[in-house]
Amino acid sequence: NAGVTQTPKFRILKIGQSMTLQCAQDMNHNYMYWYRQDPGMGLKLIYYSVGAGITDKGEVPNGYNVSRSTTEDFPLRLELAAPSQTSVYFCASSAGTGLYEQYFGPGTRLTVT
Amino acid sequence: QQQVKQSPQSLIVQKGGISIINCAYENTAFDYFPWYQQFPGKGPALLIAIRPDVSEKKEGRFTISFNKSAKQFSLHIMDSQPGDSATYFCAASNKAAGNKLTFGGGTRVLVKP
């Protein structure tokens, strides 16, 4: 049972490039989330999903897109990367409905230069 | 709008001492209040959590105190150990709103031997 996995661990992008951050969980959780963590700050929700085919915006969705075609996977797409997107990105999942604990992945450190 | 405010931003405590971190929230619809612990280079991990129908919850050396009327909750770390040195985040969520976590800004705790 690997829990929540994220790839890559590190990435450097040039301004204007695009990339997809991968997230997968093997706990059969319906709820999945993407957060970003800026230095010295708390986590802010980018997008979330309550099940396959259902996604919704969080607090800071601009510049990102998501899809949820399976229960296991929840990729985050960055289009036209900007320096403001330099951050550490965390994916999380939870069983939802009465079970609140969110399990976090190890994170992806992204630098946009 | 910062819905969960956390203080202090950092604290230093001697081994064996008590660490106290405070959080205040604004949204009265929140119905779940977890604390997460994060070590450098790792994702946050659930430490302890409380529902608003109880005023205190204790798990080992960690205690949450909850004051619903004041919309405040706090984490007490008793007999602090060097291994407790980490960043602690309070958070709040609302089951009816997709269990999305709103995080405080974090407190970096350093326990000196």
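Residue numbers start from 1 in every chain, and the chains themselves are labelled A, B, ... in the order their sequence lines are given, proteins ahead of strands. Remember, predicted model here, so these are calculated numbers, not experimental data.
The shortest non-hydrogen separation linking B:Phe89 to A:Gln37 is CZ-NE2, 3.1 Å.
If you chain together hydrophobic residues whose side chains sit under 4.5 Å apart, B:Leu11 and B:Leu75 fall into the same group. Both A:Val112 and A:Tyr89 are part of a single hydrophobic cluster, where members link through side-chain heavy atoms under 4.5 Å apart. The same ILVMFWY cluster, assembled from side-chain heavy atoms under 4.5 Å apart, contains both A:Met32 and A:Leu76. Cluster membership check: A:Val88 does not share its hydrophobic cluster with A:Val66, using side-chain heavy-atom separations under 4.5 Å among Ile, Leu, Val, Met, Phe, Trp and Tyr. Both B:Phe66 and B:Val54 belong to a common hydrophobic cluster when Ile, Leu, Val, Met, Phe, Trp and Tyr are linked at side-chain heavy-atom distances under 4.5 angstrom.
The distance from atom CE of A:Met41 to atom OG1 of B:Thr87, rounded to the nearest 0.5 Å, is 13.0 Å. In this structure, B:Leu46 CG and A:Tyr103 OH are separated by 8.0 Å, a value rounded to the nearest 0.5 Å. Distance check, rounded to the nearest 0.5 Å: CZ of B:Phe103 to CD of A:Glu59 gives 11.5 Å. Residue B:Lys100 holds its NZ atom at 9.5 Å from OH of A:Tyr35, rounded to the nearest 0.5 Å.
Using a 4.5 Å cut-off between heavy atoms, A:Gln6 makes no contact with chain B at all. With a 4.5 angstrom heavy-atom cutoff, B:Gln9 does not touch chain A via any of its atoms. Neither the backbone nor the side chain of B:Pro34 has a heavy atom closer than 4.5 Å to any heavy atom of chain A. Residue A:Leu43 touches chain B through both its backbone and its side chain, counting heavy-atom pairs closer than 4.5 Å.
Environment of CD1 in A:Ile54: crowded, with over 12 heavy atoms of neighbouring residues, nucleotides or ligands closer than 6.0 Å.
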